[in-house]
Amino acid sequence: MPLIGFARVSTEDQTSLPQSEALQTAGCVEIFEEHASGGNRARPVLARVLERVQSGDTLVVVRIDRLARSLSHLLEVIERLEAKGAFFRSLQDPIDTSSPQGKFTLHVLDAAVEFERALICERTKAGLASARAKGRVGGNPGLRTKDPAALRKVRLARQDGYMERLNETAQDWVPHVRRLRPYMAWEDVLRIINGPLPPDRHWTQSRMLRAVKAYVRDGFLPDEVLGRAGRRETDDRLPAIVAAIKGANPEITLQAICERLESMREHTRRGRTSWQPSSVKMLLERAEKLGMLE
């Protein structure tokens with residue numbers, strides 16, 4: 001099984017050389033290095049790695065904190081790998097999802113997260129019941145009286161919570177939106193974004209537009225991405241989609257692009273859903289002539 005290494009350090013002053021050497025010794029045929037905080041889930045190199053990994057590959061790190069700083073993020077990444085038929089291994093931790101022991105450790109970690117959530121829920125319910133028994137009414141007094149300052153505070157808190165949830169998924173959609181809009185219609189952009197994602201994480205157009213508007217408002221995306229998509233010739237649509245997939249992962253193979261197109265239920269020009277590498281190659285050549293490839 002091909003081993004793909006991932007090394008991360010937090011600042012430009014640090015070096016990832018010791019990690020890279022350990023990954024190379026472990027047999028990694030390809031190593032990705034990133035300078036970014038582990039608390040930030042919207043990391044472009046990690047996004048590229050998760051896009052690059054294919055069925056049968058194993059993503060390898062020296063320690064799990066090089067991949068994620070929270071258990072929930074670690075489990076989310078491993079879930080994405082499993083959805084693609086790939087595995088995860090940490091050299092210094094007892095996690096190797098290709099082995100029964102590693103899978104058992106993962107299940108234990110997952111159970112620990114669920115147990116912690118249950119405890120928090122029980123403590124919250126007990127606290128509310130105790131407060132009611134003492135005659136205290138729960139909630140924000142300012143909200144009950146519709147105080148403008150309290151309402152504004154709650155509105156900002158909800159907005160911050162929404163942005164935090166968006167940041168957790170930004171690596172799935174922000175690079176595509178930044179690269180494809182407004183040159184491609186939202187419908188096709190969504191098909192490309194949703195292609196590698198499990199069904200329960202698919203975006204609808206309304207949710208995507210709300211997220212993009214929020215990122216534009218806060219300056220994370222340029223205003224241009226919300227512009228009206230220009231009309232494109234029918235014959236240029238498939239080359240544009242193939243170019244977008246290739247642009248997101250320059251190392252992707254022709255066969256992998258075929259699999260992406262089939263997962264998007266994109267038909268060939270002859271109306272079939274089965275794609276061949278030769279057809280994809282022709283589309284890439286046309287996309288290059290049209291200036292769609294960088």
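Values reported hereafter were calculated over all heavy atoms of this structure, with side chains retained and with hydrogens, waters and symmetry mates removed.
Nearest heavy atom pair, residue P198 against residue H202, reads O-CD2, 3.2 Å. In this structure, P2 and G56 approach most closely via the heavy-atom pair CD-O, 4.0 Å. Across every non-hydrogen atom of V216 and P222, the tightest pair is CG2-O, 3.6 Å. A pairwise comparison of heavy atoms in Q276 and C258 identifies C-SG, 3.4 Å as the closest pair. Across all non-hydrogen atoms, the minimal contact from A214 to L166 is CB-CD1, 4.2 Å. Of all heavy-atom pairs between I78 and F88, the closest is CD1-CD2, 3.8 Å.
For the atom pair CG of L226 and CZ of R217, the computed distance is 11.5 Å after rounding to the nearest 0.5 Å. Separating the OG1 atom in T97 from the CZ atom in R89 is a distance of 9.0 Å, to the nearest 0.5 Å. Annotation: the span from L197 atom CG to T169 atom OG1 amounts to 9.0 Å, rounded to 0.5 Å. L3 contributes atom CG, which lies 8.5 Å from atom CG of D57 (distance to the nearest 0.5 angstrom). Considering CD of Q92 and OG of S90, their distance stands at 7.0 Å, rounded to 0.5 Å. Here the straight-line distance linking atom CG of D172 with atom CD1 of I193 works out to 8.5 Å at 0.5 Å rounding.
W203 and I192 fall within the same hydrophobic cluster, where Ile, Leu, Val, Met, Phe, Trp and Tyr residues are linked whenever their side-chain heavy atoms come under 4.5 Å apart, directly or through other members. Note on M282: it does not cluster hydrophobically with L284, by side-chain heavy-atom contacts below 4.5 Å among ILVMFWY residues. Placement of V9 and V62 in two distinct hydrophobic clusters is found when ILVMFWY residues are connected by side-chain heavy-atom separations under 4.5 Å, directly or transitively.
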### Evaluation steps, side-chain contact (heavy atoms from CB on, under 4.5 Å), between Q14 and S16
CA-CA 7 Å; Q14 296 174 313; S16 58; over 6 Å; no
### Message
The test is side-chain contact (heavy atoms from CB on, under 4.5 Å); show your working for L23 and F6 and say whether it passes.
### Response
CA-CA 8 Å; L23 293 170; F6 177 77; 5.7 Å; no
### Task
Please step through side-chain contact (heavy atoms from CB on, under 4.5 Å) for the pair L67 and L46, ending with a clear verdict.
CA-CA 8 Å; L67 180 69; L46 177 59; 3.6 Å; yes
### Criterion side-chain contact (heavy atoms from CB on, under 4.5 Å) on R181 and V212, from CA distance to verdict
CA-CA 11 Å; R181 289 291 304 166; V212 171; over 6 Å; no
### Task
Quick one: do R260 and E51 satisfy salt bridge (charged side-chain N to carboxylate O under 4.0 Å, His left out)? Show the steps, please.
CA-CA 11 Å; R260 284 288 300 275; E51 181 73 17; 2.3 Å; yes
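In this structure, the side chains of I241 and L283 stay at 4.5 Å or more apart for every pair of heavy atoms. For the pair N194/W173, no side-chain contact is recorded, criterion being any heavy-atom separation below 4.5 Å from C-beta on. Counting only heavy atoms from C-beta outward, the side chains of M208 and V177 approach each other to under 4.5 Å.
Salt-bridge annotation for K84 and E259: absent, with no side-chain N of the basic residue lying under 4.0 Å from a carboxylate O of the acidic one.
Side-chain N or O atoms of R178 include one that pairs as donor or acceptor with a backbone N or O of F220 at under 3.5 Å. No donor-acceptor distance shorter than 3.5 angstrom exists from the side chain of R43 to the backbone of Q171, with no hydrogens or angles considered. Distance alone, capped at 3.5 Å, places no donor-acceptor pair between the Q255 side chain and the P277 backbone. Using a distance-only test at 3.5 Å, with no hydrogens or angles considered, a donor-acceptor pair links the side chain of Q19 to the main chain of R8.
E33 and S20 are linked by a side-chain donor-acceptor pair at a separation below 3.5 angstrom, with hydrogens and angles left out of the test.
A salt bridge (Lys or Arg N to Asp or Glu O under 4.0 Å) check over residues 186-200, counting only residues at least two apart or in different chains, returns the pairs D188-R237, R191-E266.
Within 6.0 Å of atom CE in M163, more than 12 heavy atoms from other residues, nucleotides or ligands are found, so the atom counts as buried in its surroundings.
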